[in-house]
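Presented below is the structure to which this report refers.
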Amino acid sequence: MVETIAFIGLGNMGGPMAANLVKAGYPVRGFDLAEPARDAATASGITLCDSAAQTLTGASIVITMLPAGHHVLSVWSDIIKNVDKGTLMIDCSTIDVDSARNCHALANRASCLSLDAPVSGGTAGASAGTLTFMVGGEEDALTRGRAVLESMGRRVVHCGSAGAGQAAKICNNMILGITMAGVCEAFVLGEKLGLSHQALFDVASTSSGQCWAISTNCPVPGPVPTSPANRDYKPGFAAALMLKDMRLSQEAAKSTGATTALGAHATQLYELFDQLGHGGEDFSSIINHMRHQSA
Ligand code: NAD
């Protein structure tokens, strides 16, 4: 029997993810606080509900895709008393590890299965159904949820027990924030040395400087035609979201005692960039700020 899915949080990511579940044949009951998200969901064939609690009727799987840890904990705490035993609860938002573990504990106390399953791939991946899921939770929960995750993504990586998906996401994005800052600095230094963008790209993208920040999201226009630099830094991955993830990495570093000096410095760079009003641009546009600072 096809399982009915309750989907709470139908924004830029959740909307297209829920739409892909409908395309895969799942009945989806959705809720979002915002009118535009609600309108788009109706157009995608999602059965729109008036509250999070209403989405639960007949649902055996619940998915949340919300901004931050306090939103997720608040929604899970509200609905958990109305969720049937054995329901699979999945949170796909990017949140702090402690909140994720608290969500697992809530589900466990209600005799439900649970997964933290944050994603990589952005809004384009959400629409195309090509997301990567980084999953934390027990094997039996993942076995039950795998087909649903695969209807929204291309790769599902089991990272470990409760909270491990969020831990992997936070560490991955700290690498991304640092490498993008490094790639931008290298292009600015190259400009000062009279090196063409193409020459630096041709060398670094095929040698030891190779990373996603240069080969896919190259911060200068030209070498990678699909990178945001070619469309005036329209995201892509907005600098404000990068800052959110960098802050999560620094909270995690603080609470665990890990030394992340480069992560801390990169967080400060994105904080300043955001304060200067660039939070809505792709994070690679931090190169313009660095160029300005160097002038
Ligand atoms: P978004 O702001 O577009 O969507 C969040 C939605 O949650 C909004 O529509 C909002 O109205 C809704 N919402 C908030 N509180 C609610 C509540 N109590 N009940 C019901 N709905 C509620 O954000 P997004 O870009 O879709 O991101 C969602 C999550 O995915 C975030 O944690 C983000 O960090 C993560 N993420 C985003 C991207 C990206 O490129 N946008 C990529 C990877 C991960």
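Just so you know, these numbers use all the heavy atoms, side chains as well, and skip hydrogens, waters and symmetry mates. Sequence positions, counted from 1, serve as the residue numbers for this chain. Nothing here was measured: the structure is a model prediction, and the numbers come from that model.
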| Can you tell me how far the CE atom of Met65 sits from the OG1 atom of Thr94, to the nearest 0.5 Å? | 6.0 Å

| task | Taking the side chain as every heavy atom from C-beta outward, state whether Thr216 and Val224 have any pair of such atoms under 4.5 Å apart. | result | no

| message | Would you say that more than 12 heavy atoms from the other residues, nucleotides or ligands in this model lie under 6.0 Å from the CG of Asp140, or not? | response | yes

| request: Give, for atom OG of Ser161 and atom CG of Asp116, the distance between the pair rounded to the nearest 0.5 Å. | output: 9.0 Å

| Could you state the interatomic distance from CG (Asp32) to SG (Cys49), rounded to the nearest 0.5 Å? | 12.0 Å

| query | Given the rule that I, L, V, M, F, W and Y join up when any side-chain heavy atoms are under 4.5 Å apart, are Val97 and Leu142 in one cluster? | reply | no

| field | Linked, directly or transitively: Val22 and Phe31 (ILVMFWY side chains, under 4.5 Å) | value | no

| field | Distance-only side-chain donor-acceptor flag, Asp96 / Ser99, under 3.5 Å | value | yes

| Looking at Asp50 and Arg38, does any basic side-chain N land under 4.0 Å from a carboxylate oxygen? | yes

| Can you name the closest pair of heavy atoms from Asn230 and Pro221 and give their distance? | OD1-CA, 3.4 Å

| When you check the side-chain N and O atoms of Asn20 and Ser151, is any donor under 3.5 Å from an acceptor? | no

| Spacing of OG1 belonging to Thr206 relative to CZ belonging to Phe201, to within rounding of 0.5 Å | 8.5 Å

| query | Which atom pair, heavy atoms only, marks the closest approach of Gly236 to Asp282? | reply | CA-OD1, 3.3 Å

| Do other residues, nucleotides or ligands put more than 12 heavy atoms under 6.0 Å from Arg231 CZ? | yes

| remark: Residues Ile80 and Ala110: closest non-hydrogen pair is CG1-CB, 3.6 Å

| request: Starting at SG of Cys211, measure out to CD1 of Ile175 and round the result to the nearest 0.5 Å. | output: 10.5 Å

| Do Glu271 and Arg247 come within less than 4.5 Å of each other through their side chains, counting heavy atoms only? | yes

| said: Contact between Ile63 and Leu21 at the side-chain level, heavy atoms closer than 4.5 Å - yes or no? | reply: yes

| Going through the checks in order, is the side-chain contact (heavy atoms from CB on, under 4.5 Å) test met by Ser114 and Asn108? | CA-CA 8 Å; Ser114 54; Asn108 194 30; 5.9 Å; no

| query | Would you say Lys81 has more than 12 foreign heavy atoms packed within less than 6.0 Å of its NZ? | reply | yes

| message | If hydrophobic clusters are built from ILVMFWY residues whose side chains come within less than 4.5 Å, do Leu195 and Ile287 share one? | response | yes

| task | Determine whether Ile95 and Leu66 make a side-chain contact, defined as any pair of heavy atoms from C-beta on separated by less than 4.5 Å. | result | no

| message | A side-chain contact here means heavy atoms from C-beta on lying under 4.5 Å apart; do Met290 and Leu269 qualify? | response | yes

| task | Please check if atom CZ in Arg155 has more than 12 non-hydrogen atoms from other residues, nucleotides or ligands closer than 6.0 Å. | result | no

| field | side-chain contact (heavy atoms from CB on, under 4.5 Å) assessment of Ser294 paired with Val188 | value | CA-CA 8 Å; Ser294 307; Val188 172; 3.5 Å; yes

| request: Over all heavy atoms of both residues, which pair between Gly177 and Ala266 is shortest? Give the atoms and the distance, please. | output: O-CB, 4.3 Å

| field | Ser93 backbone acceptor or donor facing Gln166 side chain under 3.5 Å | value | yes

| query | Which atoms form the tightest heavy-atom contact between Leu113 and Ala141, and what is the distance? | reply | CB-CB, 4.0 Å

| said: What I'd like to find out is whether the side chain of Phe237 reaches to under 4.5 Å of the side chain of Asn173, using heavy atoms alone. | reply: yes

| query | Are Leu272 and Ile286 connected in the hydrophobic side-chain network, where two residues link if heavy atoms are under 4.5 Å apart? | reply | no

| task | Measure the shortest side-chain to side-chain distance between Leu88 and Val148 over non-hydrogen atoms and say whether it is less than 4.5 angstrom. | result | no

| said: With side-chain contact (heavy atoms from CB on, under 4.5 Å) as the criterion, how do Tyr270 and Met180 come out once you've worked through the C-alpha distance, each side chain's angles and the decisive distance to 0.1 Å? | reply: CA-CA 11 Å; Tyr270 292 108; Met180 180 55 84; 3.7 Å; yes

| Within-4.5 Å side-chain heavy-atom neighbours: Arg144 and Leu115 | no

| Atom CD1 in Ile61, atom CE in Met89: separation rounded to 0.5 Å? | 11.5 Å

| request: Please step through side-chain contact (heavy atoms from CB on, under 4.5 Å) for the pair Val135 and Ile90, ending with a clear verdict. | output: CA-CA 10 Å; Val135 182; Ile90 306 175; over 6 Å; no

| request: Spell out, yes or no, whether Phe283 and Phe273 are grouped together once hydrophobic residues are joined by side-chain heavy atoms under 4.5 Å, including indirect joins. | output: yes

| message | If we ignore hydrogens and angles and just use 3.5 Å, is the side chain of Lys244 paired with the main-chain N or O of Ala68 as donor and acceptor? | response | no

| task | Could you tell me whether a side-chain N or O of Ser227 sits under 3.5 Å from a main-chain N or O of Cys218, the two making a donor and an acceptor? | result | yes

| task | Specify the closest pair of heavy atoms between Phe133 and Ala117, including all atoms of both residues, with the distance to one decimal. | result | CD2-O, 3.5 Å

| In this structure, are over 12 heavy atoms from other groups packed under 6.0 Å from Glu3 atom CD? | yes

